[in-house]
Amino acid sequence: MMQVLVDLQRWVYESITGYLGAFSQSGDWLALGTVLPLGIVFGAVHALTPGHGKTVLASYLVGSRLALMRSVAVAGTLAGTHVASAVLLALVGAPLLSRTITGAGRSDMLEDVSRGLIAAIGLWLLVRALAGRKHVHGEGLMVGFVTGLVPCPLTLFVMFLAISRGVPEAGLTFALAMLIGISVTLSAVAAAVTLGRETVAQWADRHGQSIDRLARVLDGISGCLLIVIGIRSLL
Amino acid sequence: VRSFWTSAGRAFAATLPCLLGLATTASAHPHVFADATAEIRFDDEGRIVSVRNSWRFDKAFTAFAIDGIDKDDDGTYSRTELDTLAAENIESLADFDYFTRLTVAGKPVPFRAPAQYRGEISDGRFQLTFDLPLSDPAKPSPDMSLSISDPQYYVTVDFAGEAAIRTENAPAGCRTVFHPPQGADAETVALLSMLAPDQRELPPELKDAASRLGSRITFDCS
């Protein structure tokens, strides 16, 4: 199964880079447009693979009281930052990036900043759970933003390819397709967590447990998970 | 109706961890793709002395890797520029045992740092070739296994079957047997998926299991 996924990714990736090369010769937007759905599928499949902030996203949403659409917005913010940081780095921030095969397209600095902030948010959630305070508006979007700071290497590579062929607009088109695909997968994860959490909350309610208490417990668990995730990747 | 939704909700809550698990266990996250060949070189006593790896990378990674290395900005890549690029990569590969793992009865055989390496660019693709010498030449044995893959699975090293494996100066009656990637068992996939997304070094107990994600070569010497 895994081999199938990898082969599929590679095939789609090569089609995309092939189309990009052809576009730099022909300038035919219609032909480039036909590859867009492929880019969306590629983004969705790729986001299923480990990383991409799914654990952070799920850990945060378990403790949050965000409604379904807001959870999806957090997922969208994560996907947006993940792709946009890659596009920005390709355009201006190349010195931040590792160039070698083994760490290609990764930015140690940004990864550390992102993990550190995730741990800090976790600590904040934990302290708040213990103190019994309320959630801050916009907090979820911040979680999405901070987690997405780790740039998407594939978007980065394709941007570099597009720039080197003199067609950065084709790279941006691909980045947009990637963004849609990644958003679809992450939104599905966010929706699954949110619906699951609501189910547990309803169950607790019927069994005479205080929702407030449960929310605080979940918030505390979220905080602990985020601290662990943040610190473990930093070490 | 209400009780239906309640039990449906409960069933969902119960399967949620599995769903999440599923979403994270598809442990394929390659970002760099390479077409590979390997040449196994023997000395006159029939011992393996080195593995010559050659990896041709995809166009998008190449565009990224070569950006800015044209120091004199003349539009072509000089030998010095390409060799610098190759050297940087060889250096970074040292931390990952050059993606090359030779074991005898499950025990890894050590390699020395490559002294010969070369970078080339053709058709928009960067090709890295390097000769990886064994610390001590070793006779091929039935329990010997050579796997060439990225332990962190960031790079896929693809061999186009048997034809991608060559030998030099192999003793008569010795041939290589190519085993395509097998994929990993569910347990390995689960363990891999629990690693931090940016953890680059695998714990030793996972290295063997992860090597099954790549191709393997064994020796048949009669």
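Order of the sequence lines fixes the chain letters, A, B, ..., with proteins taken first and strands second; residue numbering starts at 1 for each chain. Source: prediction; values computed, not measured.
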**Q** Of the backbone (N, CA, C, O) and the side chain (C-beta and beyond), which part of B/L85 lies under 4.5 Å from a heavy atom of chain A, both, or neither?
**A**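 For B/L85, neither part sits under 4.5 Å from chain A.
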**Q** Taking the side chain as C-beta and beyond, is there a heavy-atom pair between A/P153 and B/Y154 under 4.5 Å?
**A**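 When only atoms from C-beta onward are counted, B/Y154 and A/P153 do touch, with a gap below 4.5 Å.
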**Q** Rounded to the nearest 0.5 Å, what separates atom OH in A/Y13 from atom NZ in B/K59?
**A**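 NZ of B/K59 is found 12.5 Å from OH of A/Y13.
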**Q** The test is side-chain contact (heavy atoms from CB on, under 4.5 Å); show your working for B/T62 and A/F157 and say whether it passes.
**A** CA-CA 8 Å; B/T62 301; A/F157 298 157; over 6 Å; no
**Q** Using non-hydrogen atoms and a limit below 4.5 Å, what part of residues 164-176 of chain A faces chain B?
**A**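 A/S164, A/R165, listed by number.
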**Q** Would the number of heavy atoms belonging to other residues, nucleotides or ligands and lying under 6.0 Å from CD of B/E91 be above 12?
**A**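 It does not: B/E91 CD has 12 such atoms or fewer within range.
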**Q** Could you grab the distance from atom CZ of A/F160 to atom CD1 of B/I66, nearest 0.5 Å is fine?
**A**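 CD1 of B/I66 is found 11.0 Å from CZ of A/F160.
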**Q** Can you confirm whether B/F64 sits close enough to A/L161 that some side-chain heavy atom of one is under 4.5 Å from a side-chain heavy atom of the other?
**A**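 No, their side chains stay 4.5 Å or more apart.
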**Q** If the condition is ring-ring contact (aromatic ring centres under 6.0 Å, His included), which residues does A/F23 pass it with, not counting sequence neighbours?
**A**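 Expected list: A/W29.
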**Q** With a 4.5 angstrom heavy-atom cut-off, could you sort out which part of B/D58 is near chain A: side chain, backbone, both or neither?
**A**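 Side chain of B/D58 only, per the 4.5 Å heavy-atom cut-off to chain A.
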**Q** For residues 185-194 of chain A, please give each side-chain donor-acceptor pair under 3.5 Å, one per line with the distance, not counting sequence neighbours.
**A**
| unit_1 | atom_1 | unit_2 | atom_2 | d |
| --- | --- | --- | --- | --- |
| A/T185 | OG1 | A/A44 | O | 2.8 |
| A/S187 | OG | A/S183 | O | 2.6 |
| A/T194 | OG1 | A/S71 | OG | 2.7 |
| A/T194 | OG1 | A/A190 | O | 2.7 |

**Q** Checking B/F159 now: which residues fulfil ring-ring contact (aromatic ring centres under 6.0 Å, His included) with it, not counting sequence neighbours?
**A**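 Testing B/F159 for ring-ring contact (aromatic ring centres under 6.0 Å, His included), a comparison that skips the adjacent residues, returns none.
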**Q** Which of the residues B/A63, B/A34, B/A60 is involved in the greatest number of heavy-atom pairs with chain A at under 4.5 angstrom?
**A**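 Top count of heavy-atom pairs under 4.5 Å with chain A: B/A60.
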**Q** Rounded to the nearest 0.5 Å, what's the gap from OG1 on A/T17 to CZ on B/F33? Could you check?
**A**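 So the gap between those two atoms works out to 9.5 Å.
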